[in-house]
Each structure stands twice: as C-alpha cells, then as structure tokens.
Amino acid sequence: MKNGDIVQKLLAWFARHARDLPWRRTRDPYAIWVSEIMLQQTQVKTVLPYWRRWLRALPHLAALADAPPATLHKLWEGLGYYARVRNLQRAAQIIQQQHHGRFPRDFDAVRALPGIGRYTAGAICSIAFNQPRPVLDGNVMRVLARLYGVAGNPRAGRANARLWELAEALVRRAAGLRARRGCAALNQSLMELGALVCAPRQPRCALCPVSGACVAHRTGRVAELPERPRRTRPTPRRFMAFVVDRHGRVLVRQRPAGGVNARLWEFPNVEVAPGDSDARAAARKALGRLPAALEPLAVLPHTITRYRITLAAYRAAWRGETTPSRAGARWVERRALNQLAFAGAHRKILRQLQAGPGKPS
DNA sequence: TAGCCGTGGAT
DNA sequence: TATCCAAGGCT
C-alpha cells in the first residue's frame with residue numbers, strides 16, 4: 001500500500017471516528033496552543049476541565065500576557081510540569097511585543113517561543129493553519145514504528161530521525177490531496193489512531209484502517225514495536241508535612257523558583273529516611289524541639305527528587321521572624337488557603353483540611 | 001544524550 | 001503493588 005492510500009484511509013477513518021474535543025471546534029491558534037501545551041504528557045480526560053476553565057478566565061492572548069502569575073498557577077494547579085504555565089505566559093508576552101499580539105504563522109517563529117518544541121510547533125502550524133508540518137508525539141511514534149517496522153529507540157537517534165521523515169512524507173501527501181484541511185486532519189488522525197486503536201498494549205488491529213499496510217502486523221511484531229528503552233527508576237522518598245494552626249491561621253511556605261513545584265505553596269515538611277518506620281518520630285527528631293501546637297498531620301509520599309523546605313526558613317517562620325520576601329513563609333487564614341496554588345500531596349492535605357476535622361494519616 | 005520536570009489512569 | 005504511559009521541552 002502506498003503512502004497516498006495510507007493517507008486516504010487515515011483521513012476517512014478520522015472523519016468517522018474522531019472524538020469531539022472542544023479544541024477541535026476552534027481554529028483559534030491561541031486556544032489550540034493552550035490545548036497543546038496542556039496535553040504535553042497529560043491525558044485528554046485530565047486536560048478537558050482545565051482547558052475549559054482556562055479559556056473562560058483568559059479568553060485571548062492579551063489576557064494571558066497580562067495575568068498575574070498567581071492566577072496562572074491557580075489555573076494550572078494539579079496539571080503538573082509547572083514550567084509549562086510560566087513558558088505559556090512568557091511566550092504570550094513575546095507575541096505581544098514581537099508579533100503585535102498576533103499569533104505567528106511562521107513555523108520558525110512559533111518554534112522559537114518558549115515551551116514550544118518541534119512537536120508543538122508542528123501541531124499548531126498544522127492544526128491551526130493547515131500547514132504541511134509533521135508531528136511526532138508518543139502516539140505517532142507508536143503508529144509509525146509499527147506501520148513501517150521501525151526498530152530502535154523511537155525517541156532518539158536514527159530511529160527518531162526516520163520517524164520524523166515518515167511523518168513528514170505523510171503530511172506532505174495530505175497537503176497534495178483535495179481534502180479540506182488535510183494536513184490538520186492527517187496529523188490528528190495519526191495521534192487519534194494511536195490513542196484509540198494502536199494502543200501501547202492490546203492494540204485493536206481488527207479495527208485499524210491501515211492494518212493491511214502495517215509491517216508489524218504482517219510480521220507479528222506488534223508487541224515488540226516500538227522498542228522501549230528502560231526508563232530510569234525514580235527513587236522513592238518520604239516527607240512528613242506539618243499543618244501548623246495558630247488561631248485559625250496556617251503556616252505555609254512558597255517554594256523557591258527553580259526545582260520541583262517552583263513558586264507553588266506547600267506546608268512545612270521534612271524528609272524522613274527510608275528506614276524510619278515511625279515517620280513522625282523521625283520528623284520530630286529532624287526538626288528538633290517543637291512547639292506544643294505543632295502536630296504532624298500527614299506523610300507525603302513522593303518519588304521525585306529535590307523536595308525539601310529549609311529548616312532555617314521553617315524555624316524562622318515559627319518564631320515569627322518571617323520575612324516573606326526571602327523565606328516565603330506566611331501565616332494564612334484557612335479560608336484564604338483556597339486562593340493559593342498547591343501541588344502534589346499538599347493539594348490532598350488541603351482538601352483533607354477543608355473537609356473538616358479529618359484524621360491524621 | 002539522558003535526566004529532570006507532575007499527575008492520574010490503566011493493567 | 002509495580003510498571004508503564006500520556007498531544008514533550010529543556011538542559
């Protein structure tokens with residue numbers, strides 16, 4: 001089967017089976033851009049409510065460029081990879097200054113914006129502007145590695161370069177057809193096929209429109225392709241968090257810029273050694289002599305690196321020597337905690353706190 | 001190049 | 001429970 005036939009099959013399949021997603025109902029590059037950033041390493045189902053809320057709060061590019069960072073963090077809270085939201089605003093400001101507030105259509109200009117790599121630039125240019133630019137995300141890597149029998153690490157080296165070539169050949173073919181918005185549809189069809197049919201495990205080859213052309217299917221290598229290099233194992237780490245309540249106000253701290261959960265808020269916490277079965281005792285020991293009111297509430301299970309409040313900042317805050325500009329620690333009214341952006345286990349602690357007099361975990 | 005950067009869902 | 005993975009980018 002030739003590439004032209006593959007493209008036709010994919011387009012026909014996509015026309016029938018594409019999910020009705022809200023960002024597919026618009027051609028506004030701003031809205032599509034926001035969806036692409038949110039969707040990086042994030043599932044569609046997770047993104048949906050965030051995207052809707054974002055577009056209501058910040059309906060156009062100028063609103064994003066001028067928004068207070070705290071508002072953006074709150075809108076992004078829980079989505080993860082928080083550098084994305086900061087890059088989003090930086091890019092919006094660059095567009096305001098260098099592109100007169102109009103989202104650029106030139107691929108290289110789009111690619112140059114912070115937070116936009118080769119994939120995202122291709123996605124925006126093809127989906128919003130129907131340009132023949134290839135996309136290669138996790139879905140497309142899987143589809144093309146199987147369809148064309150591409151061995152090797154699809155995320156690096158020669159295999160990756162080959163997959164980009166294949167993706168480009170297909171989208172160029174789509175551009176040559178009469179199909180309306182063929183580039184936009186072709187790229188999305190590859191991603192949609194990977195999401196709905198050509199799944200990582202137990203792919204539904206019986207439903208695949210291009211199984212007749214699929215090298216992996218023909219040679220019985222669907223399960224082996226794409227190759228997956230071993231991922232680096234995360235090192236489990238535990239942290240003990242404290243909810244310190246003084247007359248209805250709670251001690252929280254803003255994390256520094258750079259590193260994990262940069263600039264988001266957290267409850268004071270200390271790391272507990274893996275061998276310590278009694279996390280509270282270990283945390284007490286780590287903190288030294290504690291005020292009577294300081295009662296540990298929850299253990300933060302974490303598998304990420306670098307996640308630690310400085311004890312100096314914590315102790316200074318407790319003694320009332322808080323200098324928010326440096327330590328970032330504050331006493332905040334319980335109700336006002338809602339207005340701050342927390343991440344990870346701290347979000348769960350906050351929910352627990354607001355659910356009432358919950359039990360310590 | 002490979003490790004960092006979050007979170008939730010699926011198996 | 002352990003592992004993988006999701007519309008990746010950056011360094």
Side-chain angles (χ1 to χ4, degrees), chain A residues 18-19 21-24 31-51 73 76-88 90-91 110-128 133-143 153-161 164 167 184 187-196 198-203 223 226-237 255 257-264 266 300-307 341-348:
Chain A
R19 288 170 290 182
L21 303 174
W23 45 85
R24 286 183 175 157
I32 291 170
W33 169 43
V34 171
S35 79
E36 287 299 337
I37 302 300
M38 285 187 172
L39 285 162
Q40 289 172 359
Q41 299 291 287
T42 310
Q43 297 185 347
V44 166
K45 184 182 175 185
T46 303
V47 166
L48 280 169
Y50 282 91
W51 186 85
H73 278 130
W76 206 268
E77 181 188 44
L79 262 185
Y81 288 141
Y82 297 95
R84 293 185 292 177
V85 71
R86 294 191 299 275
N87 284 334
L88 212 42
R90 281 179 52 211
V110 175
R111 173 71 180 80
L113 294 168
I116 297 185
R118 188 174 177 184
Y119 162 78
T120 303
I124 293 170
C125 286
S126 65
I127 297 173
R133 296 288 181 175
V135 294
L136 187 67
D137 70 337
N139 285 314
V140 181
M141 282 178 197
R142 190 168 55 252
V143 169
N153 181 356
R155 298 183 177 278
R158 294 210 316 278
N160 182 260
W164 274 109
N187 279 347
Q188 292 184 88
S189 78
L190 289 169
M191 295 191 276
E192 195 79 338
L193 191 72
L196 301 182
C198 195
R201 282 169 292 233
Q202 300 183 329
E227 290 182 16
R228 13 184 174 195
R230 293 202 65 74
R231 290 195 174 189
T232 56
R233 276 258 193 71
T235 305
R237 299 173 67 182
R255 294 182 57 79
V260 173
N261 295 336
R263 298 177 202 177
L264 295 177
E266 67 178 6
L300 301 184
H302 262 277
T303 58
I304 53 182
T305 53
R306 293 207 310 279
Y307 194 82
F342 290 78
H346 297 279
R347 293 176 66 226
K348 298 184 175 75

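A note on names: the letters A, B, ... follow the listed sequences, proteins ahead of strands, and every chain is numbered from 1. Every value quoted in this text rests on a predicted model; they were computed, and no experiment measured them.
Checking dT1(B), dG6(B), dA7(C) against the side-chain heavy atoms of Tyr119(A) singles out dA7(C) as nearest. Residue Leu39(A) places its side chain closer to dA7(C) than to any other of dG9(C), dG6(B), dA7(C). Which of dA6(C), dA7(C), dC4(C) sits closest to the side chain of Arg201(A) comes down to dC4(C). Of the candidate nucleotides dA7(C), dT7(B), dA6(C), dA7(C) has the atom lying nearest to any side-chain atom of Met191(A). Which of dA6(C), dA7(C), dT7(B) sits closest to the side chain of Arg155(A) comes down to dA6(C). The side chain of Gln43(A) has dA6(C) as its nearest neighbour among dG6(B), dA7(C), dA6(C).
Counting to the nearest Å, the C1' atom of dG8(B) and the CZ atom of Arg347(A) are 10 Å from each other. In this entry the distance linking CD of Gln40(A) with P of dT7(B) reads 16 Å, nearest Å. As rounded to whole Å, 15 Å separates atom P of dC5(B) from atom CZ of Arg263(A). We find that CH2 of Trp33(A) is positioned 21 Å from P of dA7(C), with the value rounded to whole Å.
Electrostatic pairing of Glu192(A) and Arg24(A) counts as a salt bridge here, judged by a charged N lying under 4.0 Å from a carboxylate O.
Atom CD of residue Glu266(A) and atom CZ of residue Arg347(A) lie 15.0 Å apart, to the nearest 0.5 angstrom. In this structure, Arg142(A) CZ and Leu190(A) CG are separated by 11.5 Å, a value rounded to the nearest 0.5 Å.
Nearest-nucleotide positions on DNA chain B for Ala156(A) and Gln41(A) put Ala156(A) closer to the 5' end. Along DNA chain C, the nucleotide nearest to Arg111(A) and the one nearest to Gly194(A) differ in position, and the one closer to the 5' end is contacted by Gly194(A). Taking for each of Leu113(A) and Asp137(A) the nucleotide of DNA chain C with the nearest heavy atom, the 5'-most of the two is the partner of Asp137(A).
A side-chain donor-acceptor contact under 3.5 Å links Arg84(A) to the backbone of Tyr81(A).
Going from the C1' atom of dG9(C) to that of dT1(B) covers 15 Å, rounded to whole Å.
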Practice task
Assess whether side-chain hydrogen bond (donor to acceptor under 3.5 Å, both in side chains) is satisfied between Tyr119(A) and Gln40(A), documenting all intermediate values.
Solution key: CA-CA 10 Å; Tyr119(A) 162 78; Gln40(A) 289 172 359; over 6 Å; no
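Contact of Thr42(A) with dG6(B) (side chain to base): a donor-acceptor pair of N or O atoms is detected under 3.5 Å.
Across all strands, Ile37(A) comes closer than 4.0 Å to no nucleic acid atom at all (heavy-atom distances).
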